[in-house]
Amino acid sequence: MMKTIATTLSLAVAVAMANAAQADILPAYQSGSDWFTEAQTAIADKTQLERIKAAKNVILFVGDGMGISTLTAARILEGQNNGNTGEENLLSFETFPYSALAKTYNTNQQTPDSAGTMTAMMTGVKTKAGVIGLSPEAVRAECENNPNHQLFTALEAAELVGKATGIVSTARLTHATPAATYAKSPERNWEDDSDMSEEAIAAGCTDIASQLIDFPYGDGIDVAMGGGRRHFLPNDATANSIDAVSTVEGDRTDGRNLVEEWKNAHSDGYYADVQSEFDAIPNTAKKVFALFNESHMHYEADRTNDIGGEPSLTQMTEKAINVLSNDEDGYFLMVESGRIDHGHHAGSAYNALTDAVELSNAVKKAVELTNDEETLIIVTADHSHVFTIAGYPTRGNPILGKVITNDGAGAPLSDEYLAADGMPYTTLGYNNGLGYASLSGETDADARYDTGAYPISSGTRVDLASVNTQDSGFHQEALVPLSSETHAGEDVAVHAMGPSAYLFQGVIEQNVLFQVMKTAMSIDDEI
């Protein structure tokens with residue numbers, strides 16, 4: 001009994017000391033938030049505040065939209081691509097020793113968006129959908145009192161304690177997930193000034209792209225690679241990149257050329273917008289900025305169609321780690337596979353799963369390049385999708401194929417198991433979205449938006465008997481017709497290895513990730 005009381009008192013004192021240590025840098029509404037303090041106490045309970053080996057480096061991998069069903073299907077697809085039945089396969093990070101389930105809801109939505117979920121992971125505070133780097137008291141798309149709601153991120157903390165920092169994404173660098181590592185915005189869609197109202201600008205809000213370039217902490221973000229060139233360039237054709245798709249590539253109306261501003265500020269840095277320039281970046285580089293597309297980068301399956309060429313997520317991850325490793329104090333790196341999410345929104349399991357497999361490749365490369373005694377690697381998702389694995393297909397049946405059952409399902413083995421309407425159906429499907437399309441050989445899932453919704457009437461489906469559902473251009477059927485498939489609200493997986501990885505156990509709130517990363521880097525001791 002005395003030991004329990006002593007432990008409780010010791011824990012309380014240690015938590016109070018930790019709170020005091022972070023009070024100088026974290027806003028009171030962040031460190032005093034119930035989300036923040038409850039997650040902090042949860043971590044303290046697990047460690048009993050014993051000093052553990054600090055992580056020199058932290059790498060956070062985020063598979064945008066990579067829910068449990070996506071992991072399962074991607075695991076099977078990778079295995080089948082390697083000539084096996086697939087079900088026994090494991091993605092690289094599924095072999096990590098520690099795992100947990102994270103609850104993804106936003107403070108105002110059961111089913112979340114990426115802005116609110118990534119803000120939770122990066123700041124330790126859950127917030128509203130559509131809001132980046134601000135507490136839940138902020139009003140979406142309103143600037144009044146905006147500075148009073150700003151939250152401090154793990155990337156900013158790493159910069160302040162002298163670590164190198166990096167952001168890698170196959171989405172636009174100004175998109176919600178990467179933006180939540182460095183930006184504060186009441187509206188996730190304010191990616192450049194042309195997206196903002198005159199009232200918002202006059203009220204003092206700044207666009208997300210300018211916040212990346214004007215990043216005020218430490219010596220600035222050391223590595224930033226992804227898409228989204230249009231948000232950094234002026235609306236002037238003379239500023240177009242060599243692989244511009246649009247007649248006028250840039251969207252900015254304030255006249256700023258943020259790419260040139262970055263180059264002028266970093267005369268010893270390396271800027272790249274095509275594969276050859278990326279390949280020329282030496283591992284000894286101190287600063288790297290790369291924008292490989294006007295908008296999002298290509299899907300992995302569609303990458304060879306880029307005009308100037310694009311590196312893969314694995315290649316960008318390798319380059320980022322090699323560059324950031326030059327800092328003797330270590331680094332913080334966030335790597336997002338952003339197009340898993342976009343493939344699902346377009347109803348393309350092929351594109352979503354292919355990008356998920358590429359994320360697994362990137363994680364494998366990161367493990368090869370780092371020491372698990374000094375690097376914490378976390379792999380998770382911001383949210384899930386309404387993506388299902390259904391029917392009773394026989395083991396080894398192509399995961400992208402039509403259901404072929406066996407006697408274990410209570411029916412004789414058949415070439416294709418038919419639904420009650422007498423037609424075959426696929427193992428993979430979506431609860432909502434645009435639904436069926438067969439765009440033979442198409443590797444860009446977004447082409448689906450140009451074809452319109454499948455005309456469903458009286459509950460009739462398309463007869464898939466003669467359709468190759470394993471084709472890259474096949475889009476699965478959907479139950480509820482919508483202009484785009486939606487996120488889902490179930491928990492997502494967290495896989496971890498390295499210092500502090502053991503803190504990921506059981507079911508946790510998503511904002512706990514920040515506390516683990518902060519604990520691993522011993523941020524409380526240095527700020």
Side-chain angles (χ1 to χ4, degrees), residues 25-33 35-36 106-109 112-157 159-160 167 171-218 220-221 224 228-236 239 250-262 265 295:
I25 189 63
L26 297 181
Y29 52 81
Q30 181 173 2
S31 60
S33 162
W35 295 112
F36 194 99
N106 296 142
T107 57
N108 62 340
Q109 291 186 182
D113 90 323
S114 298
T117 52
M118 191 60 175
T119 295
M121 287 189 274
M122 289 303 300
T123 70
V125 176
K126 286 210 174 200
T127 192
K128 295 174 180 175
V131 171
I132 292 174
L134 301 177
S135 67
E137 290 74 28
V139 178
R140 183 170 181 176
E142 289 190 9
C143 289
E144 187 176 2
N145 294 320
N146 182 26
N148 298 326
H149 301 300
Q150 293 185 2
L151 302 171
F152 197 67
T153 74
L155 183 143
E156 293 166 340
E159 271 292 335
L160 280 185
I167 307 165
R172 297 189 296 267
L173 286 178
T174 50
H175 213 233
T177 301
T181 65
Y182 64 86
K184 326 293 178 187
S185 177
E187 176 51 65
R188 59 173 289 174
N189 294 316
W190 289 350
E191 296 184 58
D192 68 64
D193 67 306
S194 70
D195 301 321
M196 303 173 65
S197 66
E198 292 181 2
E199 291 78 11
I201 295 173
C205 277
T206 55
D207 66 272
I208 294 170
S210 67
Q211 291 186 53
L212 175 59
I213 299 303
D214 299 332
F215 185 79
Y217 298 100
I221 298 169
R229 263 197 318 259
R230 70 189 189 203
H231 299 299
F232 295 85
L233 298 176
N235 189 237
D236 183 344
D251 285 351
R252 301 194 67 85
T253 56
D254 60 2
R256 293 182 69 182
N257 186 323
L258 300 183
V259 170
E260 291 303 317
E261 288 185 23
W262 185 91
S295 184

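Values below: every heavy atom of this structure, side chains too, minus hydrogens, waters and symmetry copies.
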Provide the closest heavy-atom pair for [X] versus [Y] in the form atom of the first, atom of the second, distance.
X: Glu261; Y: Ile213; value: OE1-CG2, 4.3 Å
X: Ile132; Y: Ala183; value: CG2-O, 3.5 Å
X: Ala239; Y: Leu233; value: O-CD1, 3.6 Å
X: Val125; Y: Ser33; value: CG1-OG, 3.9 Å
X: Ala176; Y: Ala115; value: CB-N, 3.7 Å
X: Ser194; Y: Thr253; value: CB-CG2, 3.9 Å

So, taking the atom named [atom1] in [X] and the one named [atom2] in [Y], what distance separates them when rounded to the nearest 0.5 Å?
X: Glu159; Y: Tyr182; atom1: CD; atom2: OH; answer: 14.0 Å
X: Leu173; Y: Leu212; atom1: CG; atom2: CG; answer: 6.5 Å
X: Met122; Y: Thr177; atom1: CE; atom2: OG1; answer: 11.0 Å
X: Thr174; Y: Trp190; atom1: OG1; atom2: CH2; answer: 14.5 Å
X: Thr123; Y: Leu155; atom1: OG1; atom2: CG; answer: 13.0 Å
X: Ser295; Y: Asp251; atom1: OG; atom2: CG; answer: 9.5 Å

(request) Tell me, please, which residues at least two apart from Asn108 pass side-chain contact (heavy atoms from CB on, under 4.5 Å). (result) Asn106, Lys128, Ala129

Without swapping roles, check the side chain of [X] against the backbone of [Y] for a donor-acceptor pair under 3.5 Å.
X: Gln211; Y: Thr206; answer: yes
X: Glu187; Y: Gly130; answer: no
X: Asp113; Y: Gly116; answer: yes
X: Thr153; Y: Glu156; answer: yes

(request) Just do the side chain to side chain contact (heavy atoms under 4.5 Å, CB included) check on Asn146 and Leu134 with the steps written out, would you? (result) CA-CA 8 Å; Asn146 182 26; Leu134 301 177; 3.0 Å; yes

(message) Would you say CD of Glu144 has more than 12 non-hydrogen atoms from neighbouring residues, nucleotides or ligands within 6.0 angstrom?
(response) no

(message) Any heavy-atom pair between the side chains of Met196 and Asn189 that's under 4.5 Å?
(response) no

(message) Using side-chain heavy atoms (C-beta onward) and a distance below 4.5 Å, is Thr127 in contact with Trp35?
(response) no

(message) Tyr29: which residues meet the ring pair (Phe, Tyr, Trp, His ring centres under 6.0 Å) condition with it, sequence neighbours left out?
(response) none

(request) Apply the test ring pair (Phe, Tyr, Trp, His ring centres under 6.0 Å) to residues Tyr217 and Phe152: give CA-CA distance (whole Å), side-chain angles for both, the deciding distance (0.1 Å), then the verdict. (result) CA-CA 11 Å; Tyr217 298 100; Phe152 197 67; 5.4 Å; yes

(message) Using the rule given for side chain to side chain contact (heavy atoms under 4.5 Å, CB included), can you reason through Arg188 versus His175, listing the C-alpha separation, both sets of side-chain angles and the distance that settles it, and then say yes or no?
(response) CA-CA 7 Å; Arg188 59 173 289 174; His175 213 233; 3.6 Å; yes

(message) Quiz question: by atom type and distance under 3.5 Å, do the side chains of Glu137 and Ser135 form a donor-acceptor pair?
(response) yes

(request) Please name the residue in the list Arg230, Arg256, Arg252, His231 that meets the side chain to side chain donor-acceptor pair (under 3.5 Å) test with Asp192. (result) His231

